[in-house]
2 protein chains.
Amino acid sequence: MTPKSKSSSHSAARDLFPGALEIMVLQTLHWQPMHGYALVQHIQQRSRDLLQVEEGSLYPALQRMLKAGLVEAEWKISPTNRRVRTYSITPKGAKHLELEVSRFEQMLEGISLVLAPAKG
Amino acid sequence: MTPKSKSSSHSAARDLFPGALEIMVLQTLHWQPMHGYALVQHIQQRSRDLLQVEEGSLYPALQRMLKAGLVEAEWKISPTNRRVRTYSITPKGAKHLELEVSRFEQMLEGISLVLAPAKG
DNA sequence: CCATATACCTATTTAGTCTAGGCGTGTTGA
DNA sequence: TCAACACGCCTAGACTAAATAGGTATATGG
């Protein structure tokens, strides 16, 4: 996942936050099943272009989650008449999501404590 | 950096947030120069045990930052009569910190937008 | 004198992301 | 008609940060 660079279009933006991708994907699928390409666009749009998920990151992540039983996939024909692989979250994935969100929040809490100016 | 596991003491906690370590170190050094071992304890204490920085992560990170000119180091004798390598932030490091914090915040903003429930 | 805490460090492994492609198909418009 | 483009799937390899699992040395306390 990269923060989308606003000025230059081609320069490689450094990455941050491995692990967050999985959470965002699981949370999104928790709301509604979706195919990969749609996930890319969904995340970009909902983040108001702050984030851009590379397909080269997303698909391997989906494979990992499939293998781990966190999501399941089904080939369908989309309304736009294309073969799409639609992913949905499994009960195991939902449980995992809860855990990861909680870990995520604790981590953020910890970081913000460290970054907060010391109180006299 | 690992979230400190509260129940089991030995199991490996998964990592999150590569990149955050650098920010926390630079911000801490921005407040006051400090040696490595002290940074480990500082971060753990200020995060109220939510985070635990492994020395095997910290020292390589400090080396990277040294090499990149973000911090500089000096050998001293501590009040406890030990040879310590005290790190301080450079002007370049301070500039870098600002950038990284801003990137960090944008990333968080993006993630929270994606994770926030859709509005009807 | 020995255990422990302090303090530094590195080599190797692990894991996720990015880069940089490739492939096939439906739609659009010149 | 047919070429370009958007859609939609995917992978191999490079890169990088972090964790693991060590090692070394010295001061202090019991």
Side-chain angles (χ1 to χ4, degrees), chain A residues 1-5 9-25 34-44 51-68 70 73-87 100 107 111, chain B residues 1-5 9-25 34-44 51-68 70 73-87 100 104 107:
Chain A
M1 179 179 41
T2 53
K4 224 187 169 184
S5 68
S9 53
H10 66 298
S11 81
R14 281 204 10 239
D15 63 294
L16 266 185
F17 287 9
L21 175 57
E22 186 180 286
I23 292 179
M24 290 192 292
V25 167
M34 204 175 283
H35 62 273
Y37 195 82
L39 276 165
V40 168
Q41 311 208 317
H42 175 89
I43 290 176
Q44 180 169 339
L51 307 180
Q52 173 161 1
V53 175
E54 303 299 330
E55 294 184 28
S57 307
L58 178 68
Y59 288 110
L62 285 171
Q63 299 302 321
R64 287 195 301 274
M65 290 187 255
L66 267 177
K67 202 171 170 183
L70 307 179
E74 191 186 355
W75 286 98
K76 292 186 183 173
I77 302 296
S78 79
T80 57
N81 202 28
R82 282 160 191 285
R83 290 184 74 246
V84 292
R85 198 172 187 192
T86 298
Y87 294 86
E100 289 306 305
M107 182 83 51
I111 292 172
Chain B
M1 175 179 43
T2 54
K4 225 188 170 184
S5 68
S9 52
H10 67 299
S11 80
R14 281 208 5 243
D15 63 294
L16 266 185
F17 288 8
L21 175 57
E22 186 180 287
I23 292 180
M24 289 192 292
V25 167
M34 204 175 285
H35 63 272
Y37 195 82
L39 276 165
V40 169
Q41 310 208 316
H42 175 90
I43 290 176
Q44 180 169 337
L51 307 179
Q52 172 161 5
V53 175
E54 303 298 330
E55 292 184 29
S57 308
L58 178 67
Y59 287 111
L62 286 170
Q63 298 302 320
R64 287 195 301 272
M65 291 188 254
L66 266 176
K67 202 170 171 185
L70 307 180
E74 191 187 356
W75 286 99
K76 293 185 182 173
I77 301 296
S78 81
T80 57
N81 203 28
R82 282 162 190 286
R83 289 184 74 248
V84 291
R85 199 174 187 192
T86 298
Y87 294 86
E100 288 307 304
F104 182 83
M107 182 83 50

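Quick note on labels: first sequence line is chain A, next is B, and so on, each numbered from 1. Being a predicted model, the structure only gives us computed values, none of them experimental.
Residues B:E100 and B:I23 come closest through the heavy atom pair O-CD1, 3.6 Å. In plain terms, the two heavy atoms of A:P60 and A:E55 that are nearest each other are CD-O, 3.8 Å. Between A:V40 and A:V53, the closest heavy-atom pair is CG1-O, 3.6 Å.
In this structure, A:Y37 does not reach the D:dC9 phosphate: none of its side-chain N or O atoms is under 4.0 Å from OP1 or OP2. Contact annotation: B:T80 side-chain N/O to C:dA5 OP1/OP2 distance is not under 4.0 Å. Within the 4.0 Å cut-off from OP1 or OP2 of C:dC9, at least one side-chain nitrogen or oxygen of B:R85 is found. Within the structure, a side-chain polar atom (N or O) of B:S78 is placed less than 4.0 Å from OP1 or OP2 of C:dA7. Contact between the side-chain N/O atoms of B:R64 and the OP1/OP2 oxygens of D:dA18 is found at a separation under 4.0 Å. Look at B:S57 and you won't find any side-chain N or O under 4.0 angstrom from OP1 or OP2 of D:dA17. Phosphate proximity of C:dC8 to B:Y59: present, with a side-chain N or O under 4.0 Å from OP1 or OP2.
Atom CE in A:M107 sits roughly 12 Å away from atom C1' in D:dA18 (whole-Å rounding). The separation between A:M65 atom CE and C:dG16 atom P is 10 Å, rounded to whole Å. Atom CE in B:M34 sits about 17 Å away from atom C1' in C:dC8, given to the nearest Å. A straight line from OH of A:Y87 to C1' of D:dG8 spans 11 Å, rounded to a whole angstrom. A:H35 has its NE2 atom 10 Å from the P atom of D:dC7, to the nearest Å. Atom pair B:L51:CG and D:dA17:C1' shows a separation of 16 Å (rounding to whole Å applied). When rounded to the nearest whole Å, the span between CD of B:E54 and C1' of C:dT13 equals 15 Å. Rounded to an integer number of Å, the gap from A:R82 CZ to C:dT25 P is 11 Å.
Side-chain proximity of B:N81 to the nucleotides C:dT10, D:dT28, C:dT25 is greatest for D:dT28.
A distance of 10.5 Å separates CD of A:E54 from CG of A:L21, quoted to the nearest 0.5 Å.
Mapping A:E55 and B:G56 onto DNA chain D via the closest heavy atom, the residue that lands nearer the 5' end is A:E55.
Applying the 3.5 Å distance criterion, the base of D:dC10 shares no donor-acceptor pair with the side chain of A:Q63.
Side-chain contact between A:L51 and A:M24: present, with at least one pair of heavy atoms (C-beta onward) separated by less than 4.5 Å.
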